[in-house]
Amino acid sequence: MGSLVEKSKYSPEINAENYDTIGMLCLDTYGNLSGSCTTSGLAYKMRGRVGDSPIIGSGLFVDNEVGAATATGLGEAVIKTVGSLLIVELMRNGWSPQKACEEAINRILSKHIGKPDFQVGFIAINVAGEKGAYSIHNGFSYTYFKSGKAINISSASAY
Ligand code: ASP
């Protein structure tokens, strides 16, 4: 009789090149915030896996009185730190969107030994329209759209 234990060879692979979540944060002319987050999830993901994108607080969080944040990259790492909620709560406590994104990445790094082989990136905006972005690895960028102009901005990163 064979073993009743089946081992999964599941190892999600997400690096600086193969994440594809589209997160959008908007501040309208009335000062209202909104956000959305859509993804195909991880390539070769385990059947039934739920990433961070559909989980409010992890892949996306919006508080109209404070700010909004969204994530891309390895969802498991974002979920473990409830990254988007963390960023909004830091902004509630006076952190700039940039510093809050950096802290959320640092939180992930603090739970990982060595340089991660996966990518996570966050963007954030506050009610004043200040924005921030930060990622684990180089190569994460976002598009800032204002007054009919779109500007692609390279995010700072930990590595
Ligand atoms: N965050 C997504 C997930 O973990 C993946 C991605 O950003 O492409 O499902």
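Fair warning: this is a prediction, and the values are worked out from it, not measured in the lab. Whatever order the structure lists them in is the order used to number ligands and atoms, beginning at 1.
Residue Gly51 has no nitrogen or oxygen atom sitting less than 3.5 Å from a nitrogen or oxygen atom of ligand 1, judged on distance alone. Between Glu76 and ligand 1, no N or O atom pair is found at a separation short of 3.5 Å. Checking only distances, Gly73 does come within under 3.5 Å of ligand 1, N or O to N or O.
Under 4.0 Å from ligand 1, the heavy atoms of Arg49 that appear belong solely to its side chain. Heavy atoms of Thr21 found under 4.0 angstrom from ligand 1 belong to the backbone as well as the side chain.
Taking every heavy atom of Thr39 and a limit of under 4.0 angstrom, the matching atoms of ligand 1 come to 2 (C), 5 (C), 6 (C), 8 (O). Numbered from 1 in the order shown, with element, the atoms of ligand 1 that lie under 4.0 Å from a heavy atom of Gly41 read 9 (O).
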Return all side-chain donor-acceptor pairs below 3.5 angstrom for residues 21-28, not counting sequence neighbours, or 'none' if the list is empty.
{"unit_1": "Thr21", "atom_1": "OG1", "unit_2": "Thr39", "atom_2": "OG1", "d": "3.0"}
{"unit_1": "Asp28", "atom_1": "OD1", "unit_2": "Tyr30", "atom_2": "N", "d": "2.9"}
{"unit_1": "Asp28", "atom_1": "OD1", "unit_2": "Gly31", "atom_2": "N", "d": "3.0"}
{"unit_1": "Asp28", "atom_1": "OD1", "unit_2": "Asn32", "atom_2": "N", "d": "2.8"}

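The line from SG of Cys101 to CG of Asn106 is 11.0 Å long, rounded to the nearest 0.5 Å. Atom CD of Glu102 is separated from atom CG of Leu109 by 11.5 Å, given to the nearest 0.5 angstrom. To the nearest 0.5 Å, atom CG of residue Asp52 and atom CD1 of residue Ile79 are 5.5 Å apart.
The heavy-atom pair separating His137 from Ser135 by the smallest distance is O-OG, 2.7 Å.
We find that Arg107 and Glu103 are joined by a salt bridge, their nearest charged nitrogen and carboxylate oxygen being less than 4.0 Å apart.
Between Ile55, Leu42, Thr70, Asp20, it is Asp20 that holds the heavy atom closest to atom 8 (O) of ligand 1.
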